[in-house]
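In what follows, chains are A, B, ... by sequence order, proteins preceding strands, each numbered from 1. These numbers come from a predicted model, not from an experiment.
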Amino acid sequence: MPLRLFNTYSRTLEEFHPLDSAGREVKMYTCGPTVYSHAHIGNFRAYLFEDLLQRHLELREFKVRRVMNITDVDDKTIQGSRSAGIPLAEFTSPFKQAFFEDLDTLRIKRADSFPEATDADQIAAMIEMIKTLMARDLAYQAEDKSVYFRINKFPAYGRLAHFDLSELRSTGRVKSDEYDKEHVGDFALWKAWDEEDGPVCWESPWGPGRPGWHIECSAMATQLLGEQLDIHCGGVDNIFPHHEAEIAQTEGCTGKKFVRYWMHCAHLMVDGQKMSKSVGNFYTLRDVLAKGYSGREVRYALMRVHYRAPLNFTWEGMEESRQALGRIDDWLARLREKANGAGASQSTKQGEQFEEGLDDDLNISAALGFLFETIRETNRALDLGSLDAGEASAWLQWWERIDRVLAITGKESALPPEVAVLAEARVQARLAKDWRKSDELRDELAARGWEARDTKDGQKITRRSGV
RNA sequence: GGCGGGGUAGCCAAGUGGUAAGGUCGGGGUCUGCAAAACCUCUAUUCGCGGGUUCGAUUCCCGCCCCCGCCUCCA
């Protein structure tokens, strides 16, 4: 079964074939965070979707080269540094660091590079692109000294979003500078310096200022990945104007098709509304961790719903995820015990349905459905004693393969000494048939996050709801 | 108004022109000193509403309703 992905540009499912079919290299660009505060879990939903995509492509033996930008200069970062009374770089630095920590917590693979908007090389690349656009009459400098893209000169503008330019109307959410522009839809390539920018500015052929947000991605993508990308991702809210602008700028410079597959992820919702900083209805990863959930639990919770469907974030959903992961943990523990180091006795071809689910535009629900069916069936066989060590080993091998995509295996943590003491005391209490003491010790263990189970092979101690 | 996404059991969520995966919660059972885990079992005569096509539609077509998003901050 071929790998099929939904392309926003065509609004259809398309078979995926990278430009470099022989080398199997996939060039992937993903819009990253603006580091003016901590990213919220809605942002991470998008990054998790991209991680799932990258990991699945890699499972299918593609070599992914991925770039994610870090926007460290814009209105909000400047405003933040001003109100904090510190230089821009000093203001954004802790948020950059926190972002990378959060990626690790969520087990999101690092991109090959994370270019920053304020890199001198990147600024230079942006200025070069703007020069080209000016030379081609696709851009102009307005009376306010800023440079704008002239969308009327780019007929394809609006094609990605399926917008009719004459229908564009201002929502009034952004400071209106319409009087300086030829068309309301013209967007800034270079923002002329003004007082509010303080010391933040770069020299350019059009005077001091800073780059517009959209040009940043065009410059970084083409510089680091080339003029044509295989996949470009982001949240649906990036479709317009951001990605539309990227197409216009990049293709305006190169004359080549910029992106072959556009992929967008639906929003994370809270109480039926889009999670967003401006509404204030957001949770950062740290907020969720503070409630006692682990990174992999958040990972699972945000990943288990198809990326194109809106996902409502609830604590109930977090609890469901915790339970589901516990089920997987226990299953793996049983398999490991059964396999006991034996070699795999059968091919893992039996598990192909999982990967085929993902081939279908990352249908994670179908894939997980198959996983849980497999868990039930193998558990039943273990109960009946009809699953041998070699088979258990084969299923473990299968798990290792699919977990390259899921990345949700729990870490096996060693028993802390005081827990081991309690556990041993409980074993003794049970030998003495002192049920009362045994139950007390079970409660004590539970209070420390460890669960005691009595099986026919004796007491088992398991970490509950952990990392 | 334009352009999209979604509406399937308490909650989350797959799916197919032929009669509804899976997760979670809850009830019952096996096991257990009691539990836990695991397994078994029950929980949508029904897939937003109304038409149409069809032997048959949740799935195709038409119309409508509701929710969410985008229409120059936004993942």
Side-chain angles (χ1 to χ4, degrees), chain A residues 8 11 30-34 36 39-50 74-76 151 158 161-178 181 184-188 213-214 233-242 244-245 264-269 272-279 301 304-306 308-312 314 316-317 319-324 326-327 330-331 333-334 357 360 363-373 375-376 379-384 430 433-436 438-439 442 446 451-456 460 462 464:
Chain A
T8 308
R11 310 275 160 130
T30 49
C31 288
T34 301
Y36 69 101
H40 61 63
I41 55 174
N43 302 127
F44 284 113
R45 184 193 187 192
Y47 308 142
L48 278 164
F49 140 65
E50 290 152 3
D74 78 322
D75 290 351
K76 285 180 209 146
I151 61 169
H162 293 204
F163 279 174
D164 178 347
L165 299 191
S166 63
E167 303 266 346
L168 284 187
R169 58 190 202 193
S170 175
T171 55
R173 290 191 306 184
V174 163
K175 187 176 68 173
S176 177
D177 42 16
E178 292 168 29
K181 299 195 289 188
V184 276
D186 289 352
F187 54 89
W213 175 44
H214 311 303
C233 308
V236 286
D237 47 5
N238 275 161
I239 296 172
F240 194 91
H242 186 55
E244 199 71 68
H264 295 93
C265 153
H267 287 132
L268 185 64
M269 320 285 287
Q273 237 195 329
K274 170 185 167 184
M275 182 178 287
S276 79
K277 297 240 173 100
S278 51
V279 178
R304 67 189 175 130
V305 172
H306 185 83
R308 280 192 291 121
L311 164 57
N312 202 29
T314 60
E316 194 182 356
E319 213 43 51
E320 275 184 34
S321 299
R322 166 168 289 180
Q323 293 304 326
R327 189 167 157 76
D330 290 336
W331 172 66
R334 286 188 84 178
D360 180 20
N363 188 340
I364 188 78
S365 300
L368 290 175
F370 177 73
L371 167 64
F372 284 106
E373 275 177 43
I375 288 176
R376 195 185 57 245
N379 271 332
R380 184 193 292 139
L382 284 163
D383 280 354
L384 295 171
R430 292 181 57 72
K433 295 209 187 301
D434 185 348
W435 306 128
R436 184 181 183 139
S438 164
D439 290 351
R442 181 162 60 201
E451 183 177 64
R453 287 183 201 157
D454 304 309
T455 74
K456 60 177 186 290
K460 296 262 169 69
T462 324
R464 300 318 293 174

**Q.** Under 5.5 Å and under 30°: A:F372 stacked on B:G22
**A.** no
Output yes when at least one side-chain N/O atom of [X] is less than 4.0 Å from OP1 or OP2 of [N], else no.
{"X": "A:R334", "N": "B:A38", "value": "no"}
{"X": "A:R380", "N": "B:C40", "value": "yes"}
{"X": "A:K274", "N": "B:G5", "value": "no"}

[X] has a side chain; which of [options] sits nearest to it?
{"X": "A:P310", "options": "B:G5, B:C12, B:A14", "result": "B:G5"}
{"X": "A:R453", "options": "B:A14, B:G15, B:A37", "result": "B:A37"}
{"X": "A:N363", "options": "B:G15, B:A13, B:C70", "result": "B:G15"}

Q. Is the backbone of A:D434 close enough, under 3.5 Å, to the side chain of A:S438 for a donor and an acceptor to pair up by distance?
A. no
Q.
Is it the case that the side chain of A:E50 and the backbone of A:T30 share a donor-acceptor pair, with hydrogens and angles ignored and the cut-off at 3.5 Å?
A. no
Expressed as a whole number of Å, how far does the [atom1] atom of [N] sit from that of [M]?
{"N": "B:A20", "M": "B:G29", "atom1": "P", "value": "28 Å"}
{"N": "B:G27", "M": "B:A35", "atom1": "P", "value": "13 Å"}
{"N": "B:C67", "M": "B:G15", "atom1": "P", "value": "26 Å"}

Remember a base hit wins even if backbone is also touched, and classify [X] as base, sugar-phosphate or nothing at under 4.0 Å, heavy atoms.
{"X": "A:E316", "answer": "base"}
{"X": "A:H162", "answer": "sugar-phosphate"}
{"X": "A:H306", "answer": "sugar-phosphate"}
{"X": "A:K277", "answer": "nothing"}
{"X": "A:S321", "answer": "nothing"}

**Q.** Comparing A:D454 and A:T314 on RNA chain B - which has the more 5′ nearest nucleotide
**A.** A:T314
For a quick check, tell me whether the side chain of [X] and the base of [N] share a donor-acceptor pair closer than 3.5 Å.
{"X": "A:R430", "N": "B:G33", "answer": "yes"}
{"X": "A:N312", "N": "B:C12", "answer": "no"}
{"X": "A:R442", "N": "B:A35", "answer": "yes"}
{"X": "A:E373", "N": "B:G22", "answer": "no"}

Q. Got a sec: does the CZ of A:R11 have more than 12 other heavy atoms crowding it under 6.0 Å?
A. yes
